[in-house]
Amino acid sequence: MSMHLNRNYLKGFMADHELEALSGAVKTAHETLHGKTGLGNDFLGWVELPTNYDKEEFARIQQAAEKIKKQADVLIVIGIGGSYLGARAAIELLKSQLYNNLKKDTPDIYFAGNSVSPSYLQELLSICEGRDIAVNVISKSGTTTEPALAFRVFKDLLEKKYGAEGAKERIYCTTDKARGTLKELADREGYATFVVPDDVGGRYSVLTAVGLLPIAAAGCDIQKMMEGAKAAQDAFLCPDLMRNECYQYAATRFALHQKGKAVEIMASFDPCFAMMAEWYKQLFGESEGKDGKGLYPSSVIFSTDLHSLGQFIQDGSRIMFETFIDIQKPKQDFFIEKDPENLDGLNFLADQEMSNVNRKVMEATILAHTEGGVPAVVLEVPEINEFEFGYMVYFFEKACAISGYLLGVNPFDQPGVESYKKNMFALLGKPGYEDRRADLEARISK
């Protein structure tokens with residue numbers, strides 16, 4: 001049993017025939033995706049990745065992870081966007097949000113190169129003092145500003161601490177297989193290298209070396225992860241909408257969007273899902289948000305956010321729907337004992353597992369929000385493990401691709417991301433941007 005789509009709470013918001021009416025469009029999107037005839041067809045390597053992944057490199061990833069476990073107290077993973085979100089999501093979901101504070105036989109894992117905050121960088125450097133370090137730098141080109149700047153700093157730190165020869169044994173590069181600044185540096189210095197596939201975009205890359213190396217270094221079973229993804233690949237091959245829950249989720253999102261719902265809120269009742277929601281937001285936001293189209297992906301962790309955003313969701317603008325993640329079996333549970341004094345009045349919660357209380361909070365929330373006019377779909381996840389993670393990743397990736405084709409956009413490019421980069425380069429004085437810099441500075445001064 002793997003993730004299941006529950007559409008029962010859509011009654012009153014969307015009729016069954018509205019879903020069925022999209023069968024033809026979904027079949028066309030399926031044929032476009034699998035026939036590789038649509039926009040972005042150069043980036044479809046993820047579709048058959050669970051079957052066709054490089055087994056030799058996979059073995060090297062496992063070997064490198066074992067080496068990292070033995071040589072490092074701290075692993076610094078350098079990357080931005082899809083180069084780090086998937087790995088961080090997996091570690092926090094499968095291990096813990098408090099992973100670095102747990103007693104374990106794997107290294108602490110910190111993520112760098114996802115901002116240019118000097119305070120954060122200095123804090124990371126402080127954490128590394130007096131500890132053995134390894135670095136996994138992830139960049140297709142090696143010149144993306146944020147990770148390249150962080151790698152410059154940590155490369156220098158490693159060389160000063162271990163010498164050039166020692167440093168090269170602790171630097172692992174995930175980059176282009178043949179070209180680019182980082183690949184050239186790795187070949188020259190003798191760093192271990194792993195491949196960012198040419199046909200897999202960053203936000204679809206968590207099941208490649210991009211995500212698998214740090215995930216394996218955290219002690220997760222990446223073989224089970226790939227088995228879960230393969231199970232999802234097989235489960236969602238059918239072009240028939242009414243037999244494919246992945247496609248039903250994509251079509252439901254599209255139908256609600258057509259009804260004026262502009263925001264999808266992914267809601268979980270376990271904090272360990274927070275970074276998984278961040279991964280989802282990049283996947284769908286960067287894939288759909290173009291040409292003036294797309295749902296805005298948002299997320300909440302309940303019941304925490306019921307005390308901050310709950311009022312808006314319940315009574316605010318009717319611009320949203322919710323996708324609830326129902327983790328049916330928690331990684332751990334806690335039995336609530338009776339208190340003889342019952343000063344807090346909570347003995348009505350006693351003699352049961354806390355997971356049951358959490359479930360009732362979820363059920364109460366779904367009923368309240370749907371009664372308040374917010375449509376809801378529920379994705380039922382039987383439990384959290386590596387198999388289910390791989391299954392879930394593939395489910396969302398394929399749903400996102402189908403959603404993009406239903407919207408009529410290219411789900412695999414990100415032209416808007418380049419706009420800030422051009423302005424940043426100009427304002428920072430990068431050669432070749434002088435004319436643009438003068439114009440931008442004039443606009444800022446006004």
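Numbers here are sequence positions counted from 1.
Side chains of Gln71 and Ile68 form a contact here, defined as non-hydrogen atoms less than 4.5 Å apart. Trp279 has its side chain within reach of Val393: a pair of non-hydrogen atoms, C-beta onward, lies under 4.5 Å apart. Side-chain contact between Leu182 and Asp176 is absent, with no heavy-atom pair separated by less than 4.5 Å. Thr208 is not listed as a side-chain neighbour of Thr174, based on a closest heavy-atom distance of 4.5 Å or more. You'll find the side chain of Thr365 reaches within 4.5 Å of the side chain of Phe269, heavy atoms only. The shortest distance between side-chain heavy atoms of Leu379 and Met392 does not fall below 4.5 Å. Looking only at side-chain heavy atoms (C-beta outward), Leu256 and Leu10 come within less than 4.5 Å of each other. Met354 places a side-chain heavy atom less than 4.5 Å from the side chain of Asp333.
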From CA spacing to verdict: side chain to side chain contact (heavy atoms under 4.5 Å, CB included), Glu169, Lys67: CA-CA 10 Å; Glu169 295 298 320; Lys67 182 179 176 182; 2.8 Å; yes

Test side chain to side chain contact (heavy atoms under 4.5 Å, CB included) on Cys220 and Phe389; report intermediate values, then the result. CA-CA 11 Å; Cys220 301; Phe389 176 83; over 6 Å; no

After noting the C-alpha distance and the side-chain angles of Ile171 and Phe151, does the key distance pass the side chain to side chain contact (heavy atoms under 4.5 Å, CB included) rule? CA-CA 10 Å; Ile171 295 175; Phe151 182 51; 3.9 Å; yes

Given side chain to side chain contact (heavy atoms under 4.5 Å, CB included), test Glu386 with Ile222 step by step and report yes or no. CA-CA 7 Å; Glu386 287 89 342; Ile222 59 174; over 6 Å; no

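A salt bridge links Lys155 with Glu159: at least one charged nitrogen is closer than 4.0 Å to a carboxylate oxygen. Contact check on Glu56 versus Arg60 returns a salt bridge, with a Lys/Arg side-chain nitrogen under 4.0 Å from an Asp/Glu carboxylate oxygen. With respect to Glu288 and Arg253, a salt bridge is recorded, a charged nitrogen being found less than 4.0 Å from a carboxylate O. Using a 4.0 Å cut-off between a side-chain N of Lys or Arg and a carboxylate O of Asp or Glu, Asp187 and Lys183 qualify as a salt bridge. Using a 4.0 Å cut-off between a side-chain N of Lys or Arg and a carboxylate O of Asp or Glu, Asp42 and Lys36 do not qualify as a salt bridge. Ionic pairing of Lys331 and Asp270 is not present here: no N-O contact between side-chain nitrogen and carboxylate oxygen is shorter than 4.0 angstrom.
The backbone N or O of Tyr99 sits less than 3.5 Å from a side-chain atom of Lys104, completing a donor-acceptor pair. Side-chain atoms of Asp108 never come within 3.5 Å of backbone atoms of Asp73 as a donor-acceptor pair (strictly under, hydrogens ignored). In terms of modelled atom types and a separation under 3.5 Å, the side chain of Asn385 and the main chain of Phe387 share a donor-acceptor contact. Remark: the backbone N or O of Ala72 is not paired with any side-chain donor or acceptor of Arg170 at under 3.5 angstrom. Checked by atom type and distance alone, the side chain of Glu397 never pairs as donor or acceptor with a backbone atom of Trp46 at under 3.5 Å. Without hydrogens or angle criteria, Asp305 side chain to Ile301 main chain gives a donor-acceptor distance under 3.5 Å. The closest donor-acceptor contact from the side chain of Asn6 to the backbone of Glu380 lies at 3.5 Å or more, if one exists at all. Using a distance-only test at 3.5 Å, with no hydrogens or angles considered, no donor-acceptor pair links the side chain of Glu264 to the main chain of Phe321. When atom types are taken as modelled, the side chain of Ser126 and the backbone of Gln122 share no donor-acceptor pair closer than 3.5 angstrom. Between the side chain of Lys290 and the backbone N or O of Asp413, at least one donor-acceptor pair lies under 3.5 Å.
Side chains of Asp132 and Tyr162: a donor on one and an acceptor on the other come within 3.5 Å. Side-chain contact annotation: Ser117 with Ser119, donor-acceptor N/O pair under 3.5 Å absent.
Here the closest heavy-atom approach between residue Ala251 and residue Val26 is recorded as CB-CG2, 4.0 Å. Smallest separation of non-hydrogen atoms from Met226 and Tyr53: CE-CD2, 3.5 Å. For Thr37 against Glu31, the heavy-atom pair with the smallest separation is OG1-O, 4.4 Å. Counting all heavy atoms, side chain and backbone alike, Thr193 lies closest to Ala186 at CG2-CB, 3.4 Å. Considering every non-hydrogen atom in both Phe324 and His369, the closest pair reads CZ-ND1, 4.3 Å. A pairwise comparison of heavy atoms in Val195 and Glu57 identifies N-OE2, 2.8 Å as the closest pair.
The number of heavy-atom neighbours closer than 6.0 Å to NZ of Lys329, taken from other residues, nucleotides and ligands shown, is 12 or below. Counting non-hydrogen atoms of other residues, nucleotides and ligands closer than 6.0 Å to NZ of Lys422 gives a total of 12 or fewer. Shown here is Lys55, whose NZ atom has more than 12 heavy atoms of other residues, nucleotides or ligands within 6.0 Å. Within a 6.0 Å radius of CZ in Arg243, other residues, nucleotides and ligands contribute 12 heavy atoms or fewer. For Phe334, the CZ atom sits in a loose shell: 12 or fewer heavy atoms of surrounding residues, nucleotides or ligands are nearer than 6.0 Å.
Here Ile61 contributes atom CD1 and Leu212 contributes atom CG; the two are 5.0 Å apart, rounded to the nearest 0.5 Å. In this structure, OH on Tyr391 lies 5.0 Å from OG on Ser2, to the nearest 0.5 angstrom. Atom CZ of Arg436 and atom CG of Leu427 lie 9.0 Å apart (nearest 0.5 Å). Rounded to the nearest 0.5 Å, atoms CD1 (Ile402) and SG (Cys246) are 7.0 Å apart. Atom CD1 of Ile327 sits about 10.0 Å away from atom CZ of Arg359, to the nearest 0.5 Å. In this structure, CD in Glu322 is found 5.0 Å from CZ in Phe302, a value given to the nearest 0.5 Å.
Lys281 forms no cation-pi arrangement with Phe284, by the criterion of a distance under 6.0 Å to the ring centre and an angle within 45° of the ring axis.
In terms of the salt bridge (Lys or Arg N to Asp or Glu O under 4.0 Å) criterion, Glu337 has no residue partners (sequence neighbours excluded).
A ring pair (Phe, Tyr, Trp, His ring centres under 6.0 Å) with Phe236 is found for one member of Phe395, Tyr247, Tyr394 and no other, namely Phe395.
Residue pairs satisfying the salt bridge (charged side-chain N to carboxylate O under 4.0 Å, His left out) criterion with at least one member in residues 226-235, sequence neighbours excluded, are listed as follows: Lys224-Glu227, Lys230-Asp234.
When ring centroids are compared, Phe43 and Tyr204 stay outside the 6.0 Å threshold.
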Expected list for residues 74-96: side-chain donor-acceptor pairs under 3.5 angstrom, two or more places apart:
unit_1, atom_1, unit_2, atom_2, d
Arg88, NE, Glu92, OE2, 3.1
Ser96, OG, Leu98, N, 2.8

